[in-house]
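Taking it in order: structure first as structure tokens, then the write-up.
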Amino acid sequence: MSLNAFLRSSALALAAVTGLAATAQADTFKWITFKPQGAGDAQAITTQWLVDQFAERTGGKHSIEVFWGGSVAKTGEIPEALAAGVGDFGDIITPYFPDQMPLNNAVGFFIPQPMNTLQVGQFMEEMHATYPQFSEELESQNIHAFGFRPLEDYGLLCTKPVKSAADMKGLRIRSYGFAYPKLIEALGASPVSIATSEAYEALQRSIIDCTPIGPALARGWKYDEVAKYYIEVPLGASFGHLLAMNLDSYNGMDDETRAVVDQLGKDYLVEYARVVDEDAARVRELWKGDLGVEVIPFPKEELLGVLEDAGVKDVRQEWIDKANGLGVPADEIVKNFEFDTPS
């Protein structure tokens, strides 16, 4: 579909959903998301929290209406839809747009890394506050990031026990993004490209043996029904979503409302990380009971030993070269991805 045709269809969809296209009040903003309202996960819960907080903090003067479940724009359409003003707010899955957002995909090139969910979000906040190139990369597409939603700490969920790097040899592990393919190869396993929605069946049918994931997401996708071993490989938290706005909508807000949005972005990260941690802890308790998932520790030193692998280093260098080319001091930034070494 052409961009113009896409925008026309999106606008019609929005009009059909609201029935208010011609008369919508200026103080009601539109949030477009791929997430179903009834998902009940951290993203859905905290999106509603943010919407409620926005109305409260603006004294009811402004509100946000959420269009859930891709009803206005699908996952891959949201950046264009936001840029065109089809929505004012939206969720962008950053790794889906590596060519459009290389700087903002930094974390995806450096897996494993030592930061947890909150720390990854704080890292992204710091990058945007320190290096204007991170924001400019989005603003050139008429998008503004006012907040960040990292994913949870990841390990490996497997259909068989894995206790060491030796046990990884020959396994087929779900792979995606930048760092995972080379990391999996460095561990002696075979990367297999499988979509998130297809991983349940792939685990069930032994097409793959393991998938990188965290406890909350594993329960949310019900992967733990067919894979009963969670390996505590210290992969760190992945960066996931931008909380984004149409740049014109953001700039068009009065100073007071814009300040509310800016603060909400920071407060959202803290609330989201809290909900994710609580959800992960809840799932781990369920695993101990009827779900019967065994949690297995993995030697950290065996994972860190593969960071010197040529393929792993090449992926990291790829981002360093891109960042340096955009005038960003990559050598300083990548120190955030280094694990502490015993003295």
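This one's a predicted model, so the numbers in the text were calculated from it and none came from an experiment.
- Between K74 and E80 there is no salt bridge, since none of the side-chain N atoms of the basic residue sits less than 4.0 Å from a carboxylate O of the acidic one.
- There is a path of hydrophobic side-chain contacts, each under 4.5 Å, that joins F134 to V334.
- When atom types are taken as modelled, the side chain of E332 and the backbone of P329 share no donor-acceptor pair closer than 3.5 angstrom.
- Counting non-hydrogen atoms of other residues, nucleotides and ligands closer than 6.0 Å to CD of E256 gives a total of 12 or fewer.
- Not one N or O on the side chain of K35 forms a donor-acceptor pair closer than 3.5 Å with the backbone of T47.
- Aromatic rings from F123 and H128 are positioned such that their centres are separated by 6.0 Å or more.
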Show every donor-acceptor pair shorter than 3.5 Å between a side-chain atom in residues 168-179 and any protein atom, with sequence neighbours excluded, or say none if there are none.
residue: R172; atom: NE; partner: D209; partner atom: OD2; Å: 3.4
residue: R172; atom: NH1; partner: S206; partner atom: O; Å: 3.3
residue: R172; atom: NH2; partner: S206; partner atom: O; Å: 3.1
residue: R174; atom: NE; partner: I194; partner atom: O; Å: 2.7
residue: R174; atom: NH1; partner: T211; partner atom: OG1; Å: 3.4
residue: R174; atom: NH2; partner: T196; partner atom: OG1; Å: 2.8

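- Side-chain N or O atoms of Q113 include one that pairs as donor or acceptor with a backbone N or O of M115 at under 3.5 Å.
- With hydrogens and angles disregarded, no donor-acceptor distance shorter than 3.5 Å links the side chain of N246 to the backbone of D88.
- In terms of modelled atom types and a separation under 3.5 Å, the side chain of Q141 and the main chain of E137 share a donor-acceptor contact.
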**Prompt:** Can E308 and K313 be said to form a salt bridge (Lys or Arg N to Asp or Glu O under 4.0 Å), step by step?
**Reply:** CA-CA 6 Å; E308 293 304 311; K313 293 174 74 172; 3.4 Å; yes

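- Here the two rings, on F89 and F146, have centers that are under 6.0 Å apart.
- A donor-acceptor contact shorter than 3.5 Å is absent between the side chain of D309 and the backbone of V306.
- Here the side chain of D41 pairs a donor or acceptor atom with the backbone of A44 at under 3.5 angstrom.
- Between G76 and F97, the shortest heavy-atom distance links the atoms O-CE2, 3.7 Å.
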**Request:** Apply salt bridge (Lys or Arg N to Asp or Glu O under 4.0 Å) to D277 and R274, showing your working.
**Result:** CA-CA 5 Å; D277 288 346; R274 181 189 69 79; over 6 Å; no

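- In summary, the side chains of T33 and D91 do present a donor paired with an acceptor at a separation below 3.5 Å, with no hydrogens or angles considered.
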**Request:** In sequence, state the C-alpha distance, the side-chain angles, and the governing distance for E185 and K182, and then conclude on salt bridge (Lys or Arg N to Asp or Glu O under 4.0 Å).
**Result:** CA-CA 5 Å; E185 289 177 353; K182 294 301 182 183; 3.8 Å; yes

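- With E271 contributing its side chain and W49 its backbone, the two residues share no donor-acceptor pair below 3.5 Å.
- Looking at N116, its side chain never comes within 3.5 Å of a backbone N or O of G236 through a donor-acceptor pair.
- When all heavy atoms are compared, the tightest approach of F337 to R316 is O-NH1, 4.5 Å.
- Checked by atom type and distance alone, the side chain of R258 pairs as donor or acceptor with a backbone atom of N251 at under 3.5 Å.
- With hydrophobic clusters built from ILVMFWY side chains whose heavy atoms lie under 4.5 angstrom apart, L138 shares a cluster with I333.
- Between Y200 and E225, the side chains place a donor N or O and an acceptor N or O closer than 3.5 Å (distance only, hydrogens not considered).
- Under the ring-ring contact (aromatic ring centres under 6.0 Å, His included) test applied with H241, the options F34, F148, Y272 reduce to a single match, F34.
- By the rule that hydrophobic residues join a cluster once side-chain heavy atoms approach within less than 4.5 Å of another member, W319 and Y131 end up as members of one cluster.
- Between V86 and K30, the shortest heavy-atom contact is O-CE, 3.2 Å.
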**Asked** After noting the C-alpha distance and the side-chain angles of F67 and W31, does the key distance pass the ring pair (Phe, Tyr, Trp, His ring centres under 6.0 Å) rule?
**Response** CA-CA 6 Å; F67 296 89; W31 188 304; over 10 Å; no

**Message:** Working note: Y96 + T75, criterion side chain to side chain donor-acceptor pair (under 3.5 Å); need CA distance, chi angles, decisive distance, verdict.
**Reply:** CA-CA 9 Å; Y96 285 15; T75 302; over 6 Å; no

**Request:** With side chain to side chain donor-acceptor pair (under 3.5 Å) as the test, would you mind laying out the steps for Q53 and D267 before giving the verdict?
**Result:** CA-CA 10 Å; Q53 285 291 307; D267 295 345; over 6 Å; no

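- Residues L269 and V276 fall into different hydrophobic clusters, defined by Ile, Leu, Val, Met, Phe, Trp and Tyr side chains chained together at heavy-atom separations under 4.5 Å.
- Considering every non-hydrogen atom in both P112 and P234, the closest pair reads CB-O, 3.6 Å.
- Among pairs with a residue in residues 287-307, those fulfilling salt bridge (Lys or Arg N to Asp or Glu O under 4.0 Å) read E285-K288, at least two apart in sequence or across chains.
- The shortest non-hydrogen separation linking A237 to D153 is CB-OD1, 3.5 Å.
- Remark: I111 CD1 to F239 CZ distance equals 12.0 Å, nearest 0.5 Å.
- In this structure, R57 CZ and L50 CG are separated by 8.0 Å, a value rounded to the nearest 0.5 Å.
- Between D279 and R282, at least one side-chain nitrogen of the basic residue sits less than 4.0 Å from a carboxylate oxygen of the acidic one, meeting the salt-bridge criterion.
- In summary, the side chains of Y250 and D262 do present a donor paired with an acceptor at a separation below 3.5 Å, with no hydrogens or angles considered.
- Of all the heavy atoms in A218 and L157, the pair that sits closest is CB-CD2, 4.0 Å.
- Residues L291 and I231 are members of one and the same hydrophobic cluster, defined by side-chain heavy-atom contacts under 4.5 angstrom among Ile, Leu, Val, Met, Phe, Trp and Tyr.
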